[in-house]
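Note that this is a predicted model, so its numbers are computed, not measured. To find a chain, count down the sequence lines: A is the first, B the second, and so on, and within it residues start at 1.
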Amino acid sequence: MSVSLQHKNILYYTKIMNSLKEIDLVLVNETDKCTLYTIQFQNENESEYERFYNKFKDEAEYNPDLMRIVAFINKISQNGAFERFFRPEGKMSDHVVALPVISSKLRLYCLRLSDKILILGNGGVKNSRTYNEDDALSGYVITLQNFERILKEGQQKGIVIITEKAIEIKDDDSETSENVSL
Amino acid sequence: MKTINSKFQQMVANVPKDVMTEVDLSFDIASEIDALMQEIGLSKKQFADALGKKPSEVTKWLSGQHNFTIRTIAMLSSFFGKPIIRVATNRYVFPEEKTPMVADDSSFSFGKKKEAVADRLLKALEENRQAMIARNEPELTLEEINAEIAAARAEMKARKEKE
């Protein structure tokens with residue numbers, strides 16, 4: 001391998017590690033049917049799912065829909081994150097989905113990696129026809145799309161391991177640049 | 001790895017009981033429909049076509065978040081030929097599956113139960129007979145109908161004794 005290619009790989013590895021350092025993967029709940037995660041930005045005190053919850057818990061108009069989403073996520077945790085429970089969002093090439101499927105102005109965006117791994121994101125009130133027309137909603141979707149891309153790149157470089165029902169991210173210390181100079 | 005499990009449990013605990021029950025019911029009904037579809041080997045499209053519904057309607061049913069009406073539940077129960085849900089008392093759903101009522105309940109004696117089952121069987125046989133006529137198949141004779149009823153009664157008796 002040429003020096004420049006090796007250098008490029010190290011830079012790439014560093015970029016993935018830095019991206020992963022900016023966002024923490026947070027465990028929400030774990031059962032034999034499904035593991036729920038959420039993500040948390042380094043500059044935030046709360047995870048994305050907590051931010052979503054806290055945003056609407058005291059909003060009289062949206063609280064009933066929020067409660068249904070919370071109860072439904074609990075059911076998913078006990079039974080599995082099957083495709084039929086979600087509304088496909090994002091692009092064909094990603095795994096971003098939304099809750100609920102039924103009519104509701106509230107949307108929670110998630111990353112459904114499999115029936116057994118679900119990453120909860122943030123969400124909001126959907127007043128526009130598509131999420132693309134709303135900057136905040138679009139931002140939540142893009143965040144999950146980017147996180148999925150980081151996970152995929154990390155997987156390719158051996159930094160991220162996705163098993164049947166868990167995501168493992170290796171520490172920076174446990175890796176050497178040799179791991180990425182393949 | 002950081003965890004917010006205790007916060008998650010707290011969020012779930014904050015869900016009002018009626019909302020939790022509503023979500024439980026919708027989720028379980030959806031799972032039952034999904035299982036019955038798989039049992040028969042029906043795709044979402046085939047299922048929708050068979051019921052004369054749009055696939056998007058079936059998507060809602062299977063989402064586990066749909067607020068089912070009694071009419072839809074009855075229609076689905078009828079389609080699958082078995083109950084989708086059971087009422088807690090089991091009193092008004094599917095008479096042949098009821099347990100005998102209390103002794104002083106004169107409106108529902110064991111004899112009446114048998115009568116109800118026989119009525120149901122006769123109704124089913126009549127429907128079958130009409131279907132056979134529509135298909136230009138030879139009609140059953142009265143003897144054959146009686147034989148069918150006797151066989152069904154014997155089967156019911158055997159099942160009862162087994163229980």
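- The two atoms that bring A:Ala71 and B:Met20 nearest to each other are CB-SD, 3.7 Å, heavy atoms only.
- Residues B:Lys2 and A:Asn45 approach most closely at NZ-O, 4.3 Å, considering heavy atoms.
- Following chains of ILVMFWY side-chain contacts shorter than 4.5 Å, one can reach B:Ile84 starting from B:Met75, so the two form part of one hydrophobic cluster.
- When hydrophobic clusters are built by joining Ile, Leu, Val, Met, Phe, Trp and Tyr residues whose side-chain heavy atoms come closer than 4.5 Å, directly or via intermediates, A:Phe86 is grouped together with A:Leu36.
- For residues 62-70 of chain A, a heavy-atom distance under 4.5 Å to chain B picks out A:Met67, A:Arg68, A:Val70, given by residue number.
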Evaluate the criterion side chain to side chain contact (heavy atoms under 4.5 Å, CB included) for residue pair B:Met1 and A:Glu168; output intermediate values, then yes/no.
-> CA-CA 9 Å; B:Met1 185 182 289; A:Glu168 289 165 28; over 6 Å; no
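- Of the listed residues (B:Asp28, B:Asn14, B:Val15), the one with the most heavy-atom contacts under 4.5 Å to chain A is B:Val15.
- The closest side-chain heavy-atom distance from B:Lys60 to A:Ser103 is not below 4.5 Å.
- In the hydrophobic cluster analysis, where Ile, Leu, Val, Met, Phe, Trp and Tyr join through side-chain heavy atoms closer than 4.5 angstrom, B:Val58 is grouped together with B:Phe68.
- Nearest heavy-atom pair across B:Gln65 and A:Leu99 is NE2-CD2, 3.9 Å.
- Criterion: ILVMFWY side-chain heavy atoms under 4.5 Å apart, direct or through other members. Under it, B:Leu36 and B:Leu25 are not part of a common hydrophobic cluster.
- Of all residues spanning residues 105-125 of chain A, none has a heavy atom less than 4.5 Å away from chain B's heavy atoms.
- Looking only at heavy-atom pairs under 4.5 Å with chain B, the residue among A:Asn79, A:Ile73, A:Asn29, A:Ile76 that has the most is A:Asn29.
- Environment of CD in B:Gln46: crowded, with over 12 heavy atoms of neighbouring residues, nucleotides or ligands closer than 6.0 Å.
- Residue contact with chain A, scored on non-hydrogen atoms closer than 4.5 Å, is absent for B:Ser26.
- Taking OG1 of B:Thr59 as the start and CD1 of A:Ile102 as the end, the distance is 13.5 Å to the nearest 0.5 Å.
- Environment of NZ in A:Lys33: sparse, with no more than 12 heavy atoms of neighbouring residues, nucleotides or ligands closer than 6.0 Å.
- Looking at A:Phe82, neither its backbone nor its side chain comes within 4.5 Å of chain B, counting heavy atoms on both sides.
- Cluster annotation: B:Ile29 is connected to B:Leu62 through the hydrophobic network of ILVMFWY side chains, with a link wherever side-chain heavy atoms come within less than 4.5 Å.
- The contact between B:Asp24 and chain A is made by backbone and side chain atoms together, counting heavy-atom distances below 4.5 Å.
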Going through the distances and angles, do A:Tyr53 and B:Lys7 end up as a side chain to side chain contact (heavy atoms under 4.5 Å, CB included)?
-> CA-CA 11 Å; A:Tyr53 181 85; B:Lys7 283 183 185 167; over 6 Å; no
